[in-house]
Amino acid sequence: MITRETHDNPTPTGTQSTQSTQSTVHEHGWTVESSHPTSMGQVLYVRCEACGTRRLDLQHHTQAPPAALSKDLT
């Protein structure tokens with residue numbers, strides 16, 4: 001399963017103090033690394049293919065989209 005989400009990622013641009021950061025938009029492409037059933041639904045351990053960020057999702061029903069349980073972890 002792959003889901004997509006847009007994420008603003010501040011990135012340092014250099015050592016000059018006039019412009020220390022710039023905002024780039026990164027669209028995460030979440031891929032399920034593993035999952036297991038719980039009393040609340042299916043817990044999904046997902047990772048972004050592009051940047052390697054990981055997140056924990058919960059899918060209450062097989063027909064419902066998963067929802068994030070954690071913040072993005074790099």
Side-chain angles (χ1 to χ4, degrees):
M1 166 189 289
I2 297 177
T3 57
R4 300 230 179 255
E5 169 183 291
T6 301
H7 175 70
D8 288 331
N9 186 17
T11 307
T13 58
T15 58
Q16 295 181 348
S17 62
T18 57
Q19 186 180 15
S20 61
T21 61
Q22 77 180 35
S23 181
T24 58
V25 176
H26 170 71
E27 186 176 341
H28 288 298
W30 299 110
T31 302
V32 177
E33 290 188 310
S34 66
S35 66
H36 64 268
T38 67
S39 61
M40 294 177 63
Q42 192 79 7
V43 172
L44 309 169
Y45 297 87
V46 297
R47 183 177 63 85
C48 176
E49 297 262 336
C51 68
T53 299
R54 289 187 161 88
R55 188 175 79 183
L56 185 64
D57 288 357
L58 176 65
Q59 188 172 21
H60 290 286
H61 188 273
T62 57
Q63 300 299 318
L69 283 178
S70 68
K71 294 183 178 182
D72 298 348
L73 307 171
T74 55

Pairing residues for Glu33 by the side-chain hydrogen bond (donor to acceptor under 3.5 Å, both in side chains) criterion, not counting sequence neighbours
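Per chain and number, Glu33 pairs via side-chain hydrogen bond (donor to acceptor under 3.5 Å, both in side chains) with Arg47, Arg54.
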
Suppose we screen for side-chain hydrogen bond (donor to acceptor under 3.5 Å, both in side chains). Which residues come up paired with Ser70, at least two apart in sequence or across chains?
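side-chain hydrogen bond (donor to acceptor under 3.5 Å, both in side chains) list for Ser70, sorted by chain: empty.
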
Quick one: does [X]'s side chain have a donor or acceptor within less than 3.5 Å of a partner on [Y]'s backbone?
X: Gln59; Y: Gly41; result: no
X: His28; Y: Trp30; result: no
X: His36; Y: Val43; result: no

CD-SG distance between Glu27 and Cys48, expressed to the nearest 0.5 angstrom
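Atom-to-atom, Glu27:CD and Cys48:SG are 9.5 Å apart.
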
Identify which one of Ser35, Pro66, Pro65 satisfies the side-chain contact (heavy atoms from CB on, under 4.5 Å) criterion when paired with Asp57.
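The passing option is Pro66.
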
Linking I/L/V/M/F/W/Y whenever their side-chain heavy atoms sit closer than 4.5 Å, directly or via other members, would Val32 and Tyr45 fall into one cluster?
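No; tracing contacts between hydrophobic side chains, which count when under 4.5 Å, never links both residues.
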
